[in-house]
Amino acid sequence: MYREFKHLNLPAIDAEILQFWEDEKIFERSVAQRPEDQAFVFYEGPPSANGQPGIHHVMARAVKDIFCRYHTLKGHRVERKGGWDTHGLPIELQVEKELGITKEDIGKKITVEEYNQACRATVMRYKDLWDELTRRMGYWVDLNNPYITFENDYIESCWWLLQRLYDKRTGNGESLLYKGFTIQPYSPAAGTGLSTHELNMPGCYRDVTDFSVVAMFKVKPEAASAFLFDTAGEDVRILAWTTTPWTLPSNVALTVGPNIAYAKVRTFSPYTGAPVSLILAKDRLPAYFPAENADLPFENFQAGDKNVPYQVEKTFHGKQLVGLHFEQLLPYVSSPELEKDGFRVIPGDWVTTEDGTGVVHTAPYFGADDMRACREHGVPMIGIKDDKGRIQPLVDKQGRFVPEVTDFAGFYVKAEYYPAEVQQAKDFKPTDLLIAVKLKDENKAFRIEKYKHPYPHCWRTDKPVLYYPLDSWFIRASAARERMAELNRTINWKPEHTGTGRFGAWLENLQDWNLSRSRYWGVPLPIWRTEDETEERCIGSVEELSREVDKAVAAGFMAANPFSPTSSPSPTGRGGAAFDLHRPYIDDVILVSPSGKPMRRETDLIDVWFDSGSMPYAQWHYPFENQEKWKRNFPADFIAEGVDQTRGWFYTLHAIATLCFDSVAFKNVVSNGLVLDKNGEKMSKSKGNAADPFDTIATYGADATRWYMISNAAPWENLKFDPAGIVESRNKFFGTLFNTYNFFALYANLDGFKMDEFNVLPYERRSELDRWIISKLYNLVAEVRTAFDDYEPTKACRAIETFVDEHLSNWYVRLSRRRFWKPSPRSVGEGPGAGLGEDKTAAYQTLFECLMVVGQLAAPVAPFFADWLYRNLTAPVKDTARAKNSPLRHDSVHLTDLAQPDPSKIDAALERRMDYAQRICSLALSIRQKDKLRVRLPLHKLLLPVVDERFIAEVDSVKNLILSEINVKTLEYLTDASGLLKKTAKANFKTLGAKLGKDMKDMAARIAGFSNDEINALEKNGMLAVAVNGTTYALTPDDLLVTTEDLPGWATASDGAITVALDVNVTPELLAEGMARDLVNRIQNIRKDKDFNVTDRVIVTLERHPAILPALEQFHDYIKGETLATDLVLADDVLDGERVELNDEVTLGIEVVVN
RNA sequence: AGGGCUAUAGCUCAGUUGGUUAGAGCGCUACACUGAUAAUGUAGAGGUCGGCAGUUCAAAUCUGCCUAGCCCUACCA
């Protein structure tokens, strides 16, 4: 028996199938049964388990699951190792919040050891919740052997990769891992650098009012600047604006836009009244020189006048200024290098004229753009040399000017750094103002004013940050810029523009990867250095480190080797293999340099993104273990994550694979979009609009949730998550498929049908309808495979939906219903069709095949329902199937081989014929609707005006389907020969457009007016010459779209080239037959209401009424047969029966009792 | 600010190489069908295809500019 169900209950199906999967280890078997050498490699981008999973994780993981399952069905071995991301700032912040501490407290109120213990304890906080979601949503991933980024093995693989980078050299002999500095947000108050993440925290950017200065830089007269000097001894100055006057002592260059227009303006210095010529962007003139002052006479000007006369003398492009030298603005510190190559004008594409003067004051130590521009154009750094000979900025780490800046030595550059009482003192002046005043006094300032602008603040100290040079270790990613771009072009990105645009464009401007993080919980940088920084060593494995420690022990720098299993525990109490590679323990490891000096570890940790990008290697502890396994599993065939990972995980995977292995890390990548609420707003806990994934799955079932998410929009589009959409998926797709299965089960059980794989009726002996749905089915197989192969799951879902709804349920099952319903001939004998009769067997086998294949195709997206369907379909034959090792033997649909595309089962001509049938039926039904002729009332004739013979032949083969569907007795074709056909023609724009060009419009009008004779002549001769606007064109039949017009006296409807006409005359015979059908319908409804069995025989008593007598006379047996009535009797009164409305006028008593 | 995406019916989305009635589902209205019914059919209402300009015989589709929303990146002086 096939299982039958009352109602669709997807959550119950989830529970049943989940239990089954776990009991029978279906996931493990689905992997293990496929050969190792046919791997489809998938990498799991690890989630962090210190936060709770949300509905967007269901989306992201559904995408991953779908393609893994699909490729499993195609016969590949798809290992899916789970993983956990355990390092990183979010974890540290959470721990600090919970402990009520800040970063400064680490090492004071709490030891690093305790702190790291707290991190370690919190990272897996919600692991159980995550595991539960994984189970409930049907995401198949190996949770038993996940990789965990804080484990020693994982860290060791990271070290190995770092050493590989350290040892690799560019063409110039530069290491791919090097120490340098970058300009980073730095909080002098906290004494620490800040990440962009920290800077983007709410409230960090605040509007502040600073003193802004437009400074005047005096141009030196030389050959290149001669064009600026129109009179001897002229005072020519370039204007540059800054909101940070404290950076002016560090100015070394001015940056101009090479293509920006600049002007030289003759005027007077506003503060001193001295004549001066100023250079600034032409577009910025109105900001500094009011138009009315242009006409003021120069000779009348007196120092101190409010309105300063000016005159624009000449304009030129920025590139003409490039290379000019100027006098240092505040000459506190200089150097021979600076005198030679500094204090000059350089070009920069990023310069704008939106504010300021179109000239950017450039101080490389205090701006990232400035630093880049100076490096690019060979401008030396400005600063003082420390004892190691390195140039240090003019502002120290506390945010004070160094002594060399004599006038301001020891002054804090930002007022906020002073203690509160100093700031509040009456005569307190911020350093910026003091600098401005000095410039004014020295005739170097053009304008000083307060300026309000957003400025970033440290989230811990609430004080402004500086951009400041900080030491960092870098990966020289820029050295592989070209290669990364090249390899990227071989990756299949979904959507494509993420790869070419967001990712590709970014690779083109790739900067070196800043690896350093001054934190505690993460992978320690495995680099040891002597104090004088002349000797250093990068460690690539624990074994290597242990060997080095042995030397250090011998040299007396270490008491014992903590890595040695035989050694006594390390000072921290953990020795041997248990030695934790994290801080603080690793910081206690001191090595000895070749020259015998002690080397200490560089205290930085590495960016956690390096952790995740290392997972292809570190998940297997490569190269220390699993070398073969790694080889088989690199690179990945497929990865998927959110589009926000583009410059995160996607990049770090790509960068490490390119730099270390000259390979891509993944071949196909799906970057999925955001999950928003139904109004398109971002989901967040604070807004209260975040959907709970557990609730959603428990209410609607995992499959409906998954199906909705995937079918609604492509994964890379943002999804507006609306539970109403899940309901729609459930009702429309799963409901229909469920009903179709239930229908099959109901009748198969009544008939005792069981699928017999070894006794299948050949397709050629099946009906037109059967072969049609089979053809549609194998079209579907091809379409769905193509879609999944292209990583287009949405297309796959939509195709499956259309098939199930429109083709299978609404056409095939609807039209086949009678075939299942009518009693079997119960023929005897052997072979296909024996027992039930050939037609019925064909119907069962066809429907079975459709359900089976649809289940397979839907399995990647709807793994629970598909397995439920498969198991229900195969349960009755499981034992025989196993015994005979047939395709139905598998325990689960996920262990089967996906249906192969089979062109021999596709019949395009048949599909076209059926398409005609569907359109003709639809038209005929619309006529009935218009004329209020209900479908139960039979009609005499359907008339089809036709224009070509092939059409007749094709329609004829589906004639019976049409007639029974629309309840009409005969079908006739109306051809040209009848002379009744009135044709109209429309121009075919596609074919004619190219030929006709401008004459197209007139020709269209001309064709619309064609007579029957003209159309016939063209069709007969295959050509017709038509003149339009003096040009004669030869039209071919293809150039016309011919339709037939309404037939006078007939009810007609048309759709494109098809027109149908219906004979709407109703005779007494037809009325009687219609009445008979009405009676059957009412009796059936009573049977249904009374819950009779489908096979119950009944006795029907009808009230004697004149309206039904003709029907009873002529269709007595028909009514009995349809309703399984043994007796059909008339009575003057029906006392115990139902009163049924037969039509508007007639109400009838009917009694139906089981015989 | 830069890069990227999106914009089509009340809602969610299709819409091929540009081609003349711009489609589907949901929702709404009316009618029908039904011994598979949380289903289905027919019809109706509902569109300046975000705006402007251009290319073209012809633009939802190609080009440019603009607007709005979102994502990523970013110390614009």
K.L.:
Any base atoms under 4.0 Å from A:Gly367, or only sugar-phosphate, or nothing? Heavy atoms, all strands.
P.N.:
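Base, at least one base atom sits under 4.0 Å.
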K.L.:
Please determine, for the side chain of A:Lys998, which listed nucleotide (B:rC71, B:rC57, B:rU34) has the closest atom?
P.N.:
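The closest nucleotide is B:rC57.
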K.L.:
Measure CZ/A:Phe366 against P/B:rA77 and give the value in whole Å, please.
P.N.:
15 Å
K.L.:
Just to be sure I understand the rule, does A:Gly993 reach a base, reach only the sugar-phosphate, or reach nothing, if contact means heavy atoms closer than 4.0 Å?
P.N.:
base
K.L.:
Using only side-chain N and O atoms of A:Ser922, determine if any of them is under 4.0 Å from OP1 or OP2 of B:rU42.
P.N.:
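Yes, within the criterion.
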K.L.:
Between the side chains of A:Glu783 and A:Lys795, is the shortest nitrogen-to-carboxylate-oxygen separation below 4.0 Å, so that they form an ion pair?
P.N.:
no
K.L.:
With a 3.5 Å limit on both atom pairs, tell me what B:rA1 is paired to, counting Watson-Crick and G-U wobble, or say none.
P.N.:
B:rU73
K.L.:
To the nearest Å, give me how far apart CZ (A:Phe503) and C1' (B:rG3) are.
P.N.:
14 Å
K.L.:
Which value, in whole Å, describes the distance between the C1' atoms of nucleotides B:rU8 and B:rC49?
P.N.:
4 Å
K.L.:
To the nearest 0.5 Å, what is the distance between CZ (A:Phe989) and CG (A:Leu996)?
P.N.:
10.0 Å
K.L.:
Give me the distance, rounded to whole Å, that separates B:rU40 from B:rA24 when you measure between the P atoms they each carry.
P.N.:
15 Å
K.L.:
Touch check for A:Asn718, heavy atoms < 4.0 angstrom, all strands: base, sugar-phosphate only, or nothing?
P.N.:
sugar-phosphate
K.L.:
Calculate, to the nearest 0.5 Å, the distance between atoms CG and CZ belonging to A:Asp703 and A:Phe734 respectively.
P.N.:
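Reported to 0.5 Å precision, the distance equals 5.0 Å.
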K.L.:
Heavy atoms only, 4.0 Å cut-off, all strands: where does A:Gly997 land among base, sugar-phosphate and nothing?
P.N.:
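Base, at least one base atom sits under 4.0 Å.
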K.L.:
Across the strands shown, which category fits A:Leu925 at heavy-atom distances under 4.0 angstrom: base, sugar-phosphate, nothing?
P.N.:
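Result for A:Leu925 = sugar-phosphate.
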K.L.:
Could you check whether A:Lys732 pairs with A:Asp805 (Lys NZ or Arg NE/NH1/NH2 to Asp/Glu carboxylate O, under 4.0 Å)?
P.N.:
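Salt bridge flag = yes for A:Asp805 with A:Lys732.
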K.L.:
Expressed as a whole number of angstroms, how long is the span from A:Asp805:CG to B:rA36:P?
P.N.:
17 Å
K.L.:
Nearest to the side chain of A:Ala713, heavy atoms from C-beta on, is which of B:rC13, B:rG19, B:rC71?
P.N.:
B:rC13
K.L.:
Can you find a side chain N or O atom of A:Lys986 that sits less than 4.0 Å from OP1 or OP2 on B:rU21?
P.N.:
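For B:rU21, OP1 or OP2 has a side-chain N or O of A:Lys986 closer than 4.0 Å.
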K.L.:
Check whether any side-chain nitrogen or oxygen of A:Lys1001 sits under 4.0 Å from OP1 or OP2 of B:rC57, and answer yes or no.
P.N.:
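No.
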K.L.:
How many whole angstroms separate atom CG of A:Leu280 from atom C1' of B:rA77?
P.N.:
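One finds 14 Å between C1' of B:rA77 and CG of A:Leu280, rounded.
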K.L.:
Is there a donor and acceptor pair closer than 3.5 Å between the side chain of A:Arg502 and the base of B:rC71?
P.N.:
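Present.
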K.L.:
With heavy atoms under 4.0 Å as the rule, sort A:Tyr741 into base, sugar-phosphate or nothing.
P.N.:
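Since no nucleic acid heavy atom lies under 4.0 Å of A:Tyr741, the category is nothing.
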K.L.:
Quote, to the nearest angstrom, the C1' distance that separates B:rU12 from B:rG3.
P.N.:
29 Å
K.L.:
Would you mind reading off the distance between A:Lys732 atom NZ and B:rC13 atom P, rounded to a whole angstrom?
P.N.:
17 Å
K.L.:
B:rU34 phosphate, OP1 or OP2: any side-chain N/O from A:Asn1081 under 4.0 angstrom?
P.N.:
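It does, given that an N or O in the side chain of A:Asn1081 lies less than 4.0 Å from OP1 or OP2 of B:rU34.
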K.L.:
Given the P atoms of B:rA60 and B:rC52, what is the spacing between them in whole Å?
P.N.:
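These two P atoms come out 13 Å apart once rounded.
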K.L.:
Given B:rU12, B:rA36, B:rC71, identify the nucleotide with an atom nearest to the side chain of A:Val643.
P.N.:
B:rC71
K.L.:
Could you check which nucleotide pairs with B:rA60 in any of the strands shown, counting Watson-Crick or G-U wobble with both distances under 3.5 Å?
P.N.:
none
K.L.:
Over all strands shown, is A:Arg798 touching base, sugar-phosphate only, or nothing at heavy-atom distances under 4.0 angstrom?
P.N.:
sugar-phosphate
K.L.:
Nearest heavy atom decides the nucleotide; on that basis, is A:His497 or A:Pro456 closer to the 5' end of RNA chain B?
P.N.:
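Per heavy-atom nearest nucleotide, the more 5' residue is A:His497.
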K.L.:
Does the side chain of A:Lys6 get closer than 4.0 angstrom to OP1 or OP2 of B:rA38 through an N or O atom?
P.N.:
no
K.L.:
For A:Asn810 and B:rG41, is the shortest distance between a side-chain N/O and OP1 or OP2 below 4.0 Å?
P.N.:
yes
K.L.:
Among B:rG19, B:rA36, B:rC71, which is the nearest nucleotide to the side chain of A:Met1000?
P.N.:
B:rG19
K.L.:
Taking any strand in view, what nucleotide pairs with B:rU17 in a Watson-Crick or G-U wobble way, both distances under 3.5 Å?
P.N.:
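Pairing partner: none.
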K.L.:
Between B:rU63 and B:rA9, how far is it from one P atom to the other, in whole Å?
P.N.:
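Between the two P atoms, the distance is 22 Å.
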K.L.:
In whole Å, what separates the P atom of B:rA77 from that of B:rC11?
P.N.:
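It works out to 41 Å between them.
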K.L.:
According to the interplanar angle, ranging from 0 to 90°, do the rings of A:Phe721 and A:Tyr708 count as parallel (below 30°), tilted (30 to 60°) or perpendicular (above 60°)?
P.N.:
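Rings of A:Phe721 and A:Tyr708: perpendicular, over 60°.
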K.L.:
Got a second to check how far A:Arg936's CZ is from A:Leu1079's CG, nearest 0.5 Å?
P.N.:
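Between A:Arg936 CZ and A:Leu1079 CG, I get 10.0 Å after rounding to 0.5 Å.
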K.L.:
Go through A:Asn742 and A:Glu4 one step at a time and tell me if the side-chain hydrogen bond (donor to acceptor under 3.5 Å, both in side chains) criterion holds.
P.N.:
CA-CA 6 Å; A:Asn742 232 13; A:Glu4 293 176 42; over 6 Å; no
K.L.:
Take atom P in B:rC62 and the same atom in B:rG27, then report the distance between them in whole Å.
P.N.:
33 Å
K.L.:
Contact class for A:Leu466 vs. all strands (heavy atom < 4.0 Å): base, sugar-phosphate, or nothing?
P.N.:
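A:Leu466: no heavy atom of the nucleic acid under 4.0 Å.
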K.L.:
From B:rA32, B:rU34, B:rC26, pick the nucleotide closest to the side chain of A:Val935?
P.N.:
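Shortest atom-to-atom distance from the side chain points to B:rA32.
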K.L.:
Check the distance between B:rC31's C1' and A:Arg936's CZ and give it to me in whole angstrom.
P.N.:
13 Å
K.L.:
Do the side chain of A:Thr802 and the base of B:rA24 come within less than 3.5 angstrom through a donor-acceptor pair of N or O atoms?
P.N.:
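It does not, because no donor-acceptor pair links the side chain of A:Thr802 to the base of B:rA24 below 3.5 Å.
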K.L.:
Let's test your reading of the model: under 3.5 Å, does the base of B:rU17 pair with the side chain of A:Lys990 as donor and acceptor?
P.N.:
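For A:Lys990, whose side chain was compared with the base of B:rU17, there is a donor-acceptor pair (under 3.5 Å).
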K.L.:
Let's test this: given Watson-Crick or G-U wobble pairing with both distances under 3.5 Å, identify the partner of B:rC28.
P.N.:
B:rG44
K.L.:
Over 60° means perpendicular and under 30° means parallel, so tell me whether A:His361 and A:Phe217 are parallel, tilted or perpendicular.
P.N.:
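Ring orientation, 0 to 90° scale: parallel.
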K.L.:
Any carboxylate oxygen within less than 4.0 angstrom of a Lys/Arg side-chain nitrogen, looking at A:Lys414 and A:Asp210?
P.N.:
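A salt bridge links A:Lys414 with A:Asp210.
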K.L.:
Of A:Val360 and A:Gln1084, whose nearest nucleotide on RNA chain B comes first from the 5' end?
P.N.:
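Upstream on the strand: A:Gln1084.
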K.L.:
In whole angstrom, what separates A:Leu992's CG from B:rU56's C1'?
P.N.:
17 Å
K.L.:
Which part of the nucleic acid, if any, lies within contact of A:Val727, taking any heavy atom under 4.0 Å across all strands shown: a base, the sugar-phosphate backbone alone, or nothing?
P.N.:
nothing
K.L.:
In whole angstrom, what separates A:Phe721's CZ from B:rU12's C1'?
P.N.:
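Rounded to whole Å, this separation is 14 Å.
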K.L.:
Determine which nucleotide pairs with B:rA7, using a 3.5 Å limit on both distances of a Watson-Crick or G-U wobble pair.
P.N.:
B:rU67
K.L.:
What is the base-pairing partner of B:rC49, counting Watson-Crick and G-U wobble geometry with both distances under 3.5 Å?
P.N.:
none
K.L.:
Taking atom P in both B:rU20 and B:rA53, compute the distance separating them and give it to the nearest angstrom.
P.N.:
24 Å
